[in-house]
Student: 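Right, I'll just put the structure down here and ask away after.
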Amino acid sequence: MTVADHTSMEETLDPQDWESMRALGHRMLDDMMTYLETVEERPVWQPIPDEVKARLRTSLPLEPGDPQEIYEEFLKLVLPYPMGNIHPRFWGWALGTGTPFGMLAEMLSSGLNSVPGGGEQVPNDVELQVLDWCKEMLGFPLEASGLLVSGCSMANLVGLTVARNAMAGFNLRQEGLQASRHRMTFYCSTETHSSVQKAIELLGLGAEYLRQVPVNEEFQIDLAALQQAIAEDRDAGHKPTCIVGNAGTINTGAFDDLDSLADICEREGMWFHVDGAFGAWAALAPQLRPMVAGMERAQSLACDLHKWMYMPYEIACVLVRSAEDHRRSFSLSPDYLEHHTRGLAGGKVWFTDYGIQLSRSFRALKAWMSLKEHGIEKYGRLIQQNVDQARYLANLVESSPKLEMLAPVPLNTVCFRFHADQLDEPTMNRLNEELMIRLQEEGKVLISYTTLNGTYALRAGITNHRSRKEDFDLLIQEVARVGGELLDEGFVGAE
Ligand SMILES: *Cc1c(COP(=O)(O)O)cnc(C)c1O
């Protein structure tokens, strides 16, 4: 086609042949359903061949391609090499598994391509409904406000922004931190997720003023050390502003004593923020609920729905007790976004007034549909099931002479290692690292790692609705086998 041809007619990105696009869509849907149904038959993860990487470094497409062929490329290049977190034997980091119905909801949301920033459109009402359900599930009052965001990192950033602005004692949005007469200090345990420090840095507070307080043997924040740090900061003329409590730490699943943290915040006139990325959802399991006691006293709470609520990425939620504080931190209405009382620019709640994003996806739909599909009691049972599986795994570790537990298991996370008496600590650390990588490369089971008190730990974080007990039997077998092989090879590892 010549340049003249392009300019002589109007174009669109819609298909010229809707029937073949529809047929392709049906095929994709069938393929993906089969893929999910048979996920267990494939490796959890596999290394990416160089040839595949090379085919993802080609030149910019200038001319239209055939959707059919593009899909074939997806099947060859992308589909076989994902992260693997939807597999029943994936327990790395804290990752969710998603669901088939959640996937379909994402397709519907993408088709609508609605932007629930504000205005009079039902997607906003769906989000308000989901937020009300979250408040109910997590023990927050219905007058609280909230926002669905991309992940708990963003939820922490939003919550801590409100904490900083509401506690500053002056108009921080207008005058900036420059106007601050006192240094604002924030507190959390050394086990706190890095996203909290990132938020503090982004807020211009300085990582140094996030006081990382030591933990006790249960990996909970040491309350005496915390109170001492607050007192010292007051004496130094600083302004203790906020405590960040953990409901489920990333390393070991530890819960800080949230009720005591809430008490300290009340006494000291400080903001209480809880990072409950996955652990907050323990609230749904009757036997686990006592662990989250005190969480409902937080001024702000951040949690994910894509981890332990098993929804497809991305979705997380931040709740703020004072809707007024929340709105005051983010509301900004230029002329072109002025809220009307009628028409599309009507509607009471504009989510753009409660967060950073203006354009945002309709992620509420998959939450609304998923919560209706399964009901809250089933989510509670699955969370309990994962916790029971963690205990089951811990028992297997404890009864294996070659394995050693490295931390208590309060929730869903098991930290352990392969142990050999004849090896010194540095060699044992290297051996376990090599063991973990070999397991990943072999693709039968997948776990991650962390370091606890200087010791390299194998770490299984169980937020997977597809795992079965037998999967953990296999994990233990494989760890013992690969560990034994490394010993037989006379493992010393890289110095
Ligand atoms: C995963 C996690 C986060 C960050 O959440 P994202 O959804 O990955 O942004 C924060 N805190 C804890 C405890 C987490 O496990």
Side-chain angles (χ1 to χ4, degrees), residues 91-95 152 156 186-197 210-230 243-264 272-283 285 287-295 298 301-304 307-308 383 386-391 393-395 397-398 403-417 419 425 429 432 436 447-463:
W91 307 294
W93 300 275
L95 286 163
C152 198
N156 277 326
F186 285 57
Y187 304 81
C188 66
S189 85
T190 48
E191 290 292 302
T192 304
H193 193 269
S194 58
S195 59
V196 169
Q197 179 175 330
L210 175 65
R211 312 297 199 202
Q212 303 203 16
V213 177
V215 290
N216 62 23
E217 283 181 356
E218 308 287 314
F219 296 92
Q220 303 168 305
I221 192 165
D222 178 332
L223 294 171
L226 169 66
Q227 280 165 295
Q228 192 185 335
I230 293 171
I243 298 176
V244 179
N246 285 306
T249 59
I250 182 74
N251 273 343
T252 69
F255 278 73
D256 291 331
D257 178 348
L258 300 175
D259 248 328
S260 295
L261 294 184
D263 288 341
I264 296 173
F272 184 31
H273 175 84
V274 171
D275 177 357
F278 57 93
W281 298 106
Q287 287 179 47
L288 305 173
R289 199 167 295 141
M291 301 182 76
V292 301
M295 182 171 81
L301 168 64
C303 58
D304 272 315
K307 289 177 180 170
W308 226 2
I383 286 164
N386 284 159
V387 169
D388 293 343
Q389 288 165 341
R391 296 206 179 118
L393 175 60
N395 285 338
V397 169
E398 274 158 4
L403 305 181
E404 179 189 3
M405 287 294 291
L406 293 176
V409 181
L411 198 65
N412 66 333
T413 304
V414 184
C415 291
F416 64 108
R417 69 172 172 177
H419 184 98
E425 285 294 315
N429 287 346
N432 277 280
M436 190 267 320
I447 52 176
S448 61
Y449 49 87
T450 191
T451 299
L452 298 173
N453 304 318
T455 299
Y456 190 91
L458 306 176
R459 179 186 164 286
I462 308 168
T463 44

Student: Is D257 reaching over with its side chain to a backbone N or O of S260, donor-acceptor style, under 3.5 angstrom?
Tutor: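 Confirmed, D257 side chain pairs with S260 backbone.
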
Student: Could you grab the distance from atom NE2 of H273 to atom CG of N246, nearest 0.5 Å is fine?
Tutor: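 That separation rounds to 9.5 Å.
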
Student: Is a side-chain N or O of D304 found less than 3.5 angstrom from the main chain of C152, in a donor-acceptor match?
Tutor: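 Checked: pair present.
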
Student: Do side-chain atoms of D256 reach the backbone of L258 as a donor and acceptor pair under 3.5 angstrom?
Tutor: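 No.
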
Student: Show me, pair by pair, the donor-acceptor contacts under 3.5 angstrom made by side chains of residues 450-457, not counting sequence neighbours?
Tutor:
unit_1 : atom_1 : unit_2 : atom_2 : d
T450   : OG1    : N251   : OD1    : 2.7

Student: Kindly say whether A283 contributes a backbone atom to a donor-acceptor pair with the side chain of R289 at under 3.5 angstrom?
Tutor: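 Here the side-chain-to-backbone pair exists.
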
Student: Would one find more than 12 heavy atoms of other residues, nucleotides or ligands at under 6.0 Å from atom CD of E398?
Tutor: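 Counting neighbours around CD of E398, more than 12 heavy atoms of other residues, nucleotides or ligands fall under 6.0 Å, so yes.
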
Student: Give me the atom names and distance for the closest heavy-atom approach of F255 to G279.
Tutor: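 Scanning both residues, the minimum pair turns out to be CZ-O, 3.5 Å.
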
Student: Would you check, one step at a time, whether the test side-chain contact (heavy atoms from CB on, under 4.5 Å) holds for N429 with R417?
Tutor: CA-CA 9 Å; N429 287 346; R417 69 172 172 177; 4.2 Å; yes

Student: Nearest 0.5 Å please: distance from the CG atom of D275 over to the CG atom of N156.
Tutor: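 Output value for this atom pair is 4.0 Å.
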
Student: Any idea which heavy atoms bring G294 and F272 closest together, and the distance?
Tutor: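 Residues G294 and F272, closest heavy atoms: O-CE2, 3.7 Å.
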
Student: Quick one: pull up CD1 in I243 and CD1 in I230 and give me the separation to the nearest 0.5 Å.
Tutor: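 Output value for this atom pair is 4.0 Å.
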
Student: Do side-chain atoms of R459 reach the backbone of W93 as a donor and acceptor pair under 3.5 angstrom?
Tutor: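 Yes.
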
Student: For residues C303 and G276, report the shortest heavy-atom separation together with the two atoms involved.
Tutor: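 Between these two residues, the closest heavy atoms are CB-O, 3.4 Å.
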
Student: Assess the residue pair Q220 and T249 against the criterion (side-chain contact (heavy atoms from CB on, under 4.5 Å)); give the C-alpha distance rounded to whole Å, side-chain angles, the decisive distance to 0.1 Å, and a yes or no.
Tutor: CA-CA 9 Å; Q220 303 168 305; T249 59; over 6 Å; no

Student: Rounded to the nearest 0.5 Å, how far apart are CD1 of I221 and CD of Q212?
Tutor: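 If I round to the nearest 0.5 Å, the distance is 10.0 Å.
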
Student: How close do K307 and A277 get, counting heavy atoms only, and between which atoms?
Tutor: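 Minimum heavy-atom contact is NZ-CB, 4.0 Å.
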
Student: To the nearest 0.5 Å, what is the distance between CZ (F278) and OG1 (T413)?
Tutor: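 Here the rounded value is 4.5 Å.
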
Student: Between W308 and N412, do the side chains contain an N or O donor and an N or O acceptor separated by less than 3.5 Å?
Tutor: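 No, because no side-chain N or O of W308 sits under 3.5 Å from a partner of the opposite role on N412.
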
Student: Measuring from W91:CH2 to N386:CG, what's the distance to the nearest 0.5 Å?
Tutor: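 Spacing of CH2 (W91) from CG (N386) equals 11.0 Å.
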
Student: Of the non-hydrogen atoms in A390 and V409, which two are nearest, and what is the gap between them?
Tutor: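 Reported closest heavy-atom pair: CB-CG1, 4.0 Å.
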
Student: Grab the two heavy atoms, one from A407 and one from T252, that are nearest each other, plus how far apart they are.
Tutor: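 Closest approach of A407 to T252, heavy atoms only: CB-CG2, 3.8 Å.
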
